[in-house]
Amino acid sequence: MIDLFGGHPETNALSDVSDVQFLDTTLRDGEQAPGISLTPDEKARIARKLDDAAIDVIEAGSACTGSGERETIQRVTDLDLDATVTSFCRGIRNDIDLAMDCDVDGINLVVPASDKHVTQKVGTTPEENVENTADLVEYAKDHGLWVEVIGEDGSRADLDYLEALMGASLEAGADRVCYADTVGHATPDRTLEVVSRLTDLGPVSTHTHDDLGLAVTNALVSVAAGADLVHGTINGIGERAGNVALEEVAIALDHGYGVETMNLEAVYDLAQLIANATGIPLAPNKAVIGQNAFTHESGIHTDGTLKDDAMYEPYPPEKVGRQRRLALGKHAGRAGVKAALDEHDMEVTDDQLAEVVSRVKKIGDRGKRVTDADLLRIAEEISGSDRERRVELLDLTAVSGVNPPTASIRLDVDGETRENAATGSGPVDAAMNATVEALSHEADAALEAYHVDAITGGTDAIVTVEVEMSRDDNTVAVSKSDSDITRASVTAMVEAMDRLIEQNDDQVIADD
């Protein structure tokens with residue numbers, strides 16, 4: 001049985017690897033996932049964030065797709081990024097010409113490698129495929145492009161043929177060749193076998209998919225076998241089960257072997273940006289970037305974490321731009337509840353703390369998460385604390401039958417009546433925009449998360465809206481239920497803002 005992480009004689013110990021680069025294909029392979037369509041502005045914004053995160057190569061799209069795609073690629077190349085910007089090209093000369101029209105630095109030339117793709121998909125012969133690939137490489141290099149040749153379906157290709165195809169590509173001037181597990185078919189053993197052979201020819205990249213749940217393992221095995229450029233996407237989005245998640249490869253190499261690849265502190269902001277742009281939310285249990293990755297509810301785990309940050313965490317959340325959170329539910333213990341109250345400067349006696357814990361557990365037993373506002377309300381009731389609200393909702397009107405949807409709001413902020421109106425993509429968006437404006441930028445809070453659940457059926461369903469907002473170093477989550485999703489959203493947002501500013505003695509000044 002081989003040791004996949006360095007012990008096998010044909011591999012390199014990952015701790016001895018000096019340089020691993022990343023190629024991000026979120027804007028190309030990631031966008032090919034069903035339902036994703038990024039605008040030029042979104043692609044430019046993501047590309048800039050990828051560059052800030054020190055990603056080495058950004059595959060900005062496929063120039064051959066159409067004029068709209070070429071516009072988006074041009075937007076990325078116009079940014080003058082440090083990263084090498086490339087376009088995906090098929091084995092057709094016109095694809096290369098279209099890529100050059102977008103001013104890219106290079107191309108990812110994809111040619112068939114397996115019998116299935118050579119004879120059935122493209123309808124050529126193995127010999128003609130090798131000759132055509134070499135010609136295209138020479139053409140691209142003659143025009144000053146960085147060239148990577150990807151053998152499509154390489155994990156299912158005849159290895160001798162793949163070696164001949166990739167060898168001819170390098171001889172024609174390609175900068176590197178890429179092992180592609182196009183359909184997520186390969187085991188680590190197959191990946192090791194193929195990449196080891198290819199690295200004898202020249203620089204090798206690896207492109208792995210997660211259909212068998214082996215994408216990260218296959219990427220690491222590729223590096224151990226000599227590959228020095230890993231293709232992937234942020235959040236692991238992509239066709240079918242997705243591409244390898246670059247943030248997972250990055251943390252595995254950094255934490256496990258001391259190999260630096262990208263700016264890890266930029267990972268979480270980047271993940272949220274891409275989740276919002278693509279409409280694919282982050283799975284709560286997702287490694288590195290999921291909501292639960294640094295959230296502790298169990299009383300035993302919370303108590304241990306409070307005593308020693310590393311007790312139940314492999315690496316500190318700050319390493320990847322995160323913060324530790326203590327969640328409250330049926331598993332909560334005294335230490336966790338007290339720590340959560342301390343975060344909000346809420347003092348209770350030992351007897352009162354015991355009652356707060358009991359109430360929290362009862363809510364958790366009903367399957368509900370206890371938000372910050374729930375906890376503070378419970379503590380205030382039990383301790384008899386008087387709390388003077390600083391922000392209250394007086395009136396809300398939202399109109400969806402107009403274009404664009406509009407909303408108006410009236411708030412009491414520090415005894416002053418504030419009124420504001422705004423538009424948005426829908427009535428909820430408009431109402432929340434109006435709320436932000438009415439509260440003024442002086443309050444300076446950010447909406448970190450927004451989640452909706454229908455808790456009854458039928459056309460008169462009650463919905464629960466949970467918002468998470470932050471201000472300075474403080475974060476608060478509030479949930480509100482109502483038959484009107486707009487009202488539930490705004491009341492939750494107002495409650496969160498009230499909680500965030502209650503410890504601040506300064507008056508919230510209206511904008512001029």
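Position 1 is the first residue of the sequence; numbering continues from there. Because only heavy atoms are used, hydrogens play no part in the values below, and waters and symmetry mates are left out as well, while side chains stay in.
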Q: Identify the two heavy atoms, one from V230 and one from L246, that lie closest to each other, and give their separation to 0.1 Å.
A: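 Heavy atoms only, the tightest pair is O-CD2, 4.0 Å.
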Q: Checking N243 side chain against T233 main chain: does a donor-acceptor pair fall under 3.5 Å?
A: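 A pair under 3.5 Å: no.
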Q: List the atom of E31, the atom of L38, and the distance in Å for their closest heavy-atom pair.
A: OE2-N, 2.8 Å
Q: Take the angle between the ring planes of H231 and H207 and call it parallel below 30°, perpendicular above 60°, tilted in between.
A: perpendicular
Q: Is the backbone of A422 close enough, under 3.5 Å, to the side chain of N433 for a donor and an acceptor to pair up by distance?
A: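 No; zero donor-acceptor contacts below 3.5 Å.
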Q: Check for a donor-acceptor pair, side chain of N235 on one end and backbone N or O of A271 on the other, with a separation under 3.5 Å.
A: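 The answer is yes, because a donor-acceptor pair under 3.5 Å joins these two groups.
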Q: I need the H209 NE2 to R240 CZ distance, nearest 0.5 Å.
A: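 The NE2 atom of H209 sits 5.5 Å away from the CZ atom of R240.
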Q: Would you tell me whether N218 and T191 have side-chain atoms, one donor and one acceptor, within less than 3.5 Å of each other?
A: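 Present: a donor and an acceptor within the cut-off.
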Q: For a quick test of reading the model, state the closest non-hydrogen atom pair linking V111 to G91 and the distance between them.
A: CG1-CA, 4.3 Å
Q: Taking I107 as the fixed residue, which of I96, D95, T86, V149 is the one that meets the side chain to side chain contact (heavy atoms under 4.5 Å, CB included) rule?
A: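 In the set I96, D95, T86, V149, the residue that makes a side chain to side chain contact (heavy atoms under 4.5 Å, CB included) with I107 is I96.
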Q: Can you list the steps and then say if E42 with T39 is a side-chain contact (heavy atoms from CB on, under 4.5 Å)?
A: CA-CA 5 Å; E42 287 169 335; T39 67; 3.2 Å; yes
Q: Tell me whether T65 contacts the main-chain N or O of G61 through its side chain, where contact means a donor paired with an acceptor under 3.5 Å.
A: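 Looks like no, no N/O pair under 3.5 Å.
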Q: When you compare the side chain of D254 with that of K319, does any pair of heavy atoms fall below 4.5 Å?
A: yes
Q: Mind listing the closest non-hydrogen atom pair of A488 and S481 along with its distance?
A: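 It is CB-C, 4.5 Å.
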Q: Does any part of the side chain of T464, heavy atoms only, come nearer than 4.5 Å to the side chain of V452, both counted from C-beta?
A: no
Q: In the structure I gave you, are the side-chain heavy atoms of Y161 and V130 within less than 4.5 Å of one another anywhere?
A: yes
Q: Can E138 and K141 be said to form a salt bridge (charged side-chain N to carboxylate O under 4.0 Å, His left out), step by step?
A: CA-CA 5 Å; E138 290 177 357; K141 292 303 297 181; over 6 Å; no
Q: Give the minimum heavy-atom separation between A60 and I73, together with the two atoms involved.
A: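 Closest pair (atom of A60, atom of I73, distance): O-CG1, 3.9 Å.
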Q: Can any side-chain N or O of R156 pair as donor or acceptor with the backbone N or O of T182 at less than 3.5 Å?
A: no
Q: When rounded to the nearest 0.5 angstrom, what is the spacing between CD in E148 and SG in C89?
A: 11.5 Å
Q: Is the backbone of A215 close enough, under 3.5 Å, to the side chain of T208 for a donor and an acceptor to pair up by distance?
A: yes
Q: Does H185 offer a backbone N or O that forms a donor-acceptor pair with the side chain of D181 under 3.5 Å?
A: yes
Q: Tell me if a side-chain donor or acceptor on S87 pairs with a main-chain N or O of A63 at a distance below 3.5 Å.
A: yes
Q: Have D24 and T26 got a donor and an acceptor in their side chains that come within less than 3.5 Å?
A: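 The criterion, which ignores hydrogens and geometry beyond distance, is satisfied for T26 and D24.
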Q: Short question: side chain of D228, backbone of V223 - any donor-acceptor pair under 3.5 Å?
A: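 Side chain of D228 to backbone of V223, a donor-acceptor pair under 3.5 Å: no, none is there.
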Q: Does any part of the side chain of N132, heavy atoms only, come nearer than 4.5 Å to the side chain of E128, both counted from C-beta?
A: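 The answer is no; the side chains never approach within 4.5 Å.
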Q: Compare all side-chain heavy atoms of L50 with those of L270 and state whether any distance is below 4.5 angstrom.
A: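 Counting from C-beta outward, L50 and L270 do come under 4.5 Å.
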Q: With salt bridge (charged side-chain N to carboxylate O under 4.0 Å, His left out) as the test, would you mind laying out the steps for K121 and E152 before giving the verdict?
A: CA-CA 11 Å; K121 178 183 174 182; E152 186 173 16; 3.0 Å; yes
Q: Go through the steps for R28 and E69 under the test salt bridge (charged side-chain N to carboxylate O under 4.0 Å, His left out), then give the verdict.
A: CA-CA 10 Å; R28 198 274 300 174; E69 180 76 344; over 6 Å; no
Q: Under the side-chain contact (heavy atoms from CB on, under 4.5 Å) rule, what do K43 and R75 come out as? Steps first, then yes or no, please.
A: CA-CA 8 Å; K43 280 202 172 186; R75 284 290 301 277; over 6 Å; no
Q: Quick check: does any side chain N or O of T77 sit under 3.5 Å from a backbone N or O of C102, one acting as donor and the other as acceptor?
A: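 Confirmed, T77 side chain pairs with C102 backbone.
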Q: Measuring only between side-chain heavy atoms, which start at C-beta, is Q21 closer than 4.5 Å to L229?
A: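 When only atoms from C-beta onward are counted, L229 and Q21 do touch, with a gap below 4.5 Å.
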Q: Should Y179 and S205 count as side-chain neighbours, where that means a heavy-atom distance under 4.5 Å?
A: no
Q: Evaluate N276 against Q272 for side chain to side chain donor-acceptor pair (under 3.5 Å), listing each step before the verdict.
A: CA-CA 6 Å; N276 292 334; Q272 288 186 307; over 6 Å; no
Q: Do you know which two heavy atoms are closest between M262 and I234, and how far apart they sit?
A: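 Residues M262 and I234, closest heavy atoms: CE-CD1, 4.5 Å.
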Q: Less than 4.5 Å apart, side chain to side chain, heavy atoms only: is that true for L253 and V249?
A: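 Side chain of L253 against side chain of V249, heavy atoms only: contact under 4.5 Å found.
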